[in-house]
Amino acid sequence: MTLISRAESNIGDYLERRRTFNWKDAESHFTWAQTGQVNMAYECIDRHVQEGYGDKTALIYLPEHTEDEQDRLQTVSFTFADLKRETDRYATVLKKHGMQKGDRVFVFLPKTPECYFAILGAIKAGAIVGPLFEAFMEAAVKDRMQDCEARFLITDTDLQHRVPYAELPHLEKVFVLGPDDARLPHTYALNQALAEVEVNDEPIEWLDLEDGMIIHYTSGSTGKPKGVLHAHRAMIHHHITGKWVLDLKEDDIYWCTSHPGWVTGSSYGIFAPWLNRAPIVVNTGRFDAHEWYRTLEELKVTVWYSAPTAFRMIMSLGDEVAHRYNLHHLRHILSVGEPLNPEVVEWAQRVWQKRVHDTWWMTETGGLLIVNLPSEEIKPGSMGRAFPGIEVAILDEEGRALPAKHVGQLAVRKGWPGLMKTIWNNEEKYQSYFPYDEWYVSGDLAYKDNEGYVFFQGRGDDMINASGERIGPFEVESKLIEHPAVAEAGVIGKPDPTRGEIVKAFIVLREGYTHSESLLADIRHFVKTKLAAHAAPREIEVIKELPKTRISGKIMRRVLKAWELNEDPGDLTALQIEKKESE
């Protein structure tokens with residue numbers, strides 16, 4: 001299938017950029033390259049005001065509307081001058097209450113403008129900020145704040161009830177947004193503190209590039225979440241990838257659908273667009289495909305960064321729904337969180353006449369590493385090619401580079417500015433990412449083709465070995481959801497005494513289809529004839545919902561496998577669903 005290509009983009013010629021680009025070249029954009037004064041919040045906000053862009057719109061807020069609101073979407077906008085004023089106030093309040101450089105300040109708020117003010121205000125004051133996703137419950141909040149000995153918390157009158165104050169001995173002060181009569185004892189009224197504070201001087205704390213800036217916690221298959229700490233130097237990575245991969249321009253309207261409690265929502269929901277002086281859309285409320293279509297149409301969104309699950313759910317509504325909405329302003333679409341199924345790329349091309357660009361990176365990498373660029377060819381099913389300044393290799397189990405089209409460990413040579421500074425209080429875990437000295441090993445399995453395009457094949461512990469055949473679950477999942485009855489699919493290797501493993505699929509049926517043995521046989525035959533006989537699931541189980549992360553929508557195969565084997569699935573705090581419900 002021939003895909004539309006865009007000849008014009010910020011990056012220009014990809015191969016020429018790869019030949020000439022050096023990370024040092026990207027530093028000249030920042031004021032600290034001349035002044036030596038470093039702070040991410042300054043580069044995102046204050047410098048734009050000082051350079052005469054204070055009146056430029058920076059944030060367009062879309063509150064959750066009521067059912068009787070059938071007219072145009074209601075929005076509230078903030079300029080860069082507004083952002084400077086608000087973040088100055090938040091920073092001054094924190095400093096007034098004793099916050100010191102490097103203190104951990106957690107922000108536990110829904111996706112509202114105050115969440116963004118608090119995050120940038122804490123960074124401006126020199127804190128290491130820890131954004132928390134609004135759906136976290138008590139155990140998730142405790143594990144994260146306890147691990148890095150958080151001293152300060154900013155929350156609201158609803159979410160404060162999920163904070164286990166008695167189990168957080170290092171927590172000194174809690175600032176609560178909302179009515180005073182709804183606050184718990186021993187907390188401070190943030191609205192009052194913000195109203196009373198006087199910002200007499202610039203409250204910015206000037207820092208070093210290696211000073212800690214933000215900590216995101218990411219869950220593994222076992223143990224408690226680990227704290228991934230990023231430094232202010234990550235702004236170099238965020239700015240240039242925002243410019244070249246997101247292709248941001250100052251007149252864009254940019255919408256990243258992730259909450260700042262996840263790394264995408266901070267790195268590419270806040271830092272990258274504001275470093276490039278692009279306005280962002282902030283929406284509240286749960287996913288609703290029709291509302292998202294309305295948002296794209298009425299706010300005239302030009303650049304959209306979302307997750308494969310959202311695209312699949314929108315696609316499942318069908319072509320007729322898509323044609324109700326005018327998306328002619330939308331010029332660039334990107335996907336993140338898990339590999340993008342080829343059929344989504346092909347559907348968007350056919351129905352929207354637009355390309356969806358898959359991207360790959362991780363919480364630990366801090367920024368985009370493997371990308372599909374707007375000016376380059378897309379190969380459906382591929383994550384793209386290495387960003388300029390990034391060296392990607394496929395390694396065998398001895399750390400040796402494999403040739404093209406051989407599956408191995410996806411690795412990246414150290415040296416890019418977005419790479420995590422450390423894992424909080426866990427040097428051993430940090431070092432485990434670098435088993436071959438100079439190579440960061442991701443835990444993903446992939447292969448490269450002769451042109452350098454990378455194709456994801458599964459996590460290191462997800463690959464299925466059935467009768468000596470190595471089967472990538474993603475490939476089987478992608479084929480399964482091409483069947484008209486299958487909305488979503490998750491595939492695992494199930495232990496088998498004869499074959500070592502067999503392919504087992506968990507599927508969610510589309511509306512209008514009913515579970516039957518004949519339907520399952522048809523689905524199995526479809527994969528057998530469309531992909532390969534050895535890849536066809538020998539077992540298919542229909543369930544109501546797959547276990548997925550709340551924001552990125554990544555299907556958690558480890559949970560499916562634990563369910564199948566009646567084992568402990570590990571930390572489930574970041575998931576939408578915690579138990580299996582079969583049809």
Side-chain angles (χ1 to χ4, degrees), residues 221 308-309 312 338-344 380-383 405-410 443-447 455-510 513 515-548 553-567 569-570 575 577 580-583:
S221 57
T309 292
R312 288 195 295 264
E338 61 173 320
L340 184 65
N341 309 89
E343 57 274 17
V344 174
S382 171
M383 304 185 294
K405 299 184 179 179
H406 283 66
V407 175
Q409 303 175 88
L410 177 57
D444 285 351
L445 297 177
Y447 70 86
F455 292 79
F456 177 83
Q457 294 296 290
R459 288 290 295 170
D461 55 1
D462 284 344
M463 289 296 287
I464 302 166
N465 191 332
S467 301
E469 296 282 354
R470 288 170 64 81
I471 302 166
F474 175 70
E475 190 175 27
V476 182
E477 290 164 356
S478 294
K479 192 56 60 180
L480 280 164
I481 67 172
E482 288 184 13
H483 190 283
V486 181
E488 293 188 301
V491 169
I492 65 167
K494 179 179 177 179
D496 181 84
T498 302
R499 298 176 176 84
E501 289 182 304
I502 61 169
V503 178
K504 174 159 185 178
F506 296 83
I507 64 171
V508 177
L509 294 178
R510 291 184 186 274
Y513 288 87
H515 179 189
S516 69
E517 287 304 316
S518 62
L519 176 61
L520 299 189
D522 184 68
I523 293 170
R524 188 177 299 110
H525 180 72
F526 178 83
V527 177
K528 179 180 178 179
T529 55
K530 298 292 186 180
L531 184 57
H534 70 269
R538 290 185 172 268
E539 292 183 15
I540 301 176
E541 184 173 344
V542 179
I543 59 178
K544 292 183 178 179
E545 186 177 2
L546 291 172
K548 293 174 291 191
K554 183 186 296 182
I555 296 170
M556 299 300 287
R557 299 190 190 100
R558 67 170 175 85
V559 177
L560 290 173
K561 197 153 193 172
W563 286 348
E564 180 64 25
L565 302 178
N566 292 315
E567 295 177 346
L575 301 191
I577 181 174
K580 180 174 69 171
E581 293 187 38
S582 297
E583 288 284 351

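Computed from a predicted model, the values in this text were never measured in an experiment.
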| task | State whether R557 and E338 are salt-bridged, where the test is any N-O pair (Lys NZ or Arg NE/NH1/NH2 against Asp/Glu carboxylate O) under 4.0 Å. | result |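 Salt bridge: no.
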| message | Salt bridge check, E482 against K530: does any charged N sit closer than 4.0 Å to a carboxylate O? | response |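 Here K530 does not pair with E482 in a salt bridge, since their nearest N and O are not under 4.0 Å apart.
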| said: Run K494 and E539 through salt bridge (charged side-chain N to carboxylate O under 4.0 Å, His left out) and show every step you take. | reply: CA-CA 9 Å; K494 179 179 177 179; E539 292 183 15; 3.0 Å; yes
For a 4.5 angstrom cut-off between non-hydrogen side-chain atoms, does [X] reach [Y]?
| X | Y | answer |
| --- | --- | --- |
| S382 | F456 | no |
| L520 | V542 | yes |
| L531 | E475 | yes |
| V508 | L546 | yes |
| F455 | K405 | no |
| K528 | I523 | no |
| I492 | P473 | no |
| R538 | V503 | no |

Might you point out which heavy atoms bring [X] and [Y] nearest each other, and give the distance in Å?
| X | Y | value |
| --- | --- | --- |
| I555 | A489 | CD1-O, 3.2 Å |
| P484 | Y513 | O-CE1, 3.5 Å |
| A536 | V527 | CA-CG1, 3.7 Å |

| field | Which residues share a salt bridge (Lys or Arg N to Asp or Glu O under 4.0 Å) with E343, sequence neighbours left out | value |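 In terms of salt bridge (Lys or Arg N to Asp or Glu O under 4.0 Å), with neighbours along the sequence ignored, E343 is linked to no residue.
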| Looking at residues at least two apart in the chain, or sitting in another chain, which of them share a salt bridge (Lys or Arg N to Asp or Glu O under 4.0 Å) with K561? |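 With neighbours one apart ignored, the set is E501.
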| task | Report the distance from atom NE2 of H515 to atom CD1 of I540, rounding to the nearest 0.5 Å. | result |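 One finds 9.0 Å between NE2 of H515 and CD1 of I540.
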| task | Please round to the nearest 0.5 Å and tell me the distance separating atom CG of L480 and atom CG of N341. | result |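 Spacing of CG (L480) from CG (N341) equals 10.5 Å.
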| message | With ring pair (Phe, Tyr, Trp, His ring centres under 6.0 Å) as the rule and sequence neighbours excluded, what pairs involving residues 474-505 come up? | response |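 Non-adjacent pairs meeting ring pair (Phe, Tyr, Trp, His ring centres under 6.0 Å): H483-F526.
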| request: Check whether any side-chain N or O of R524 sits under 3.5 Å from a backbone N or O of P537 as a donor-acceptor pair, and report yes or no. | output: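 Side chain of R524 to backbone of P537: a pair is present.
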| Quick one: which of D462, I507, V476, I471 gives a side chain to side chain contact (heavy atoms under 4.5 Å, CB included) with V491? |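 The side chain to side chain contact (heavy atoms under 4.5 Å, CB included) with V491 is passed solely by V476 among D462, I507, V476, I471.
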| task | Walk me through it: do V486 and R510 pass the test side chain to side chain contact (heavy atoms under 4.5 Å, CB included)? | result | CA-CA 6 Å; V486 181; R510 291 184 186 274; 5.9 Å; no
| Pair E541-E564, side chain to side chain contact (heavy atoms under 4.5 Å, CB included): steps then yes or no | CA-CA 10 Å; E541 184 173 344; E564 180 64 25; 4.2 Å; yes
| Please walk me through it: do M556 and K548 pass side chain to side chain contact (heavy atoms under 4.5 Å, CB included)? | CA-CA 6 Å; M556 299 300 287; K548 293 174 291 191; 5.8 Å; no
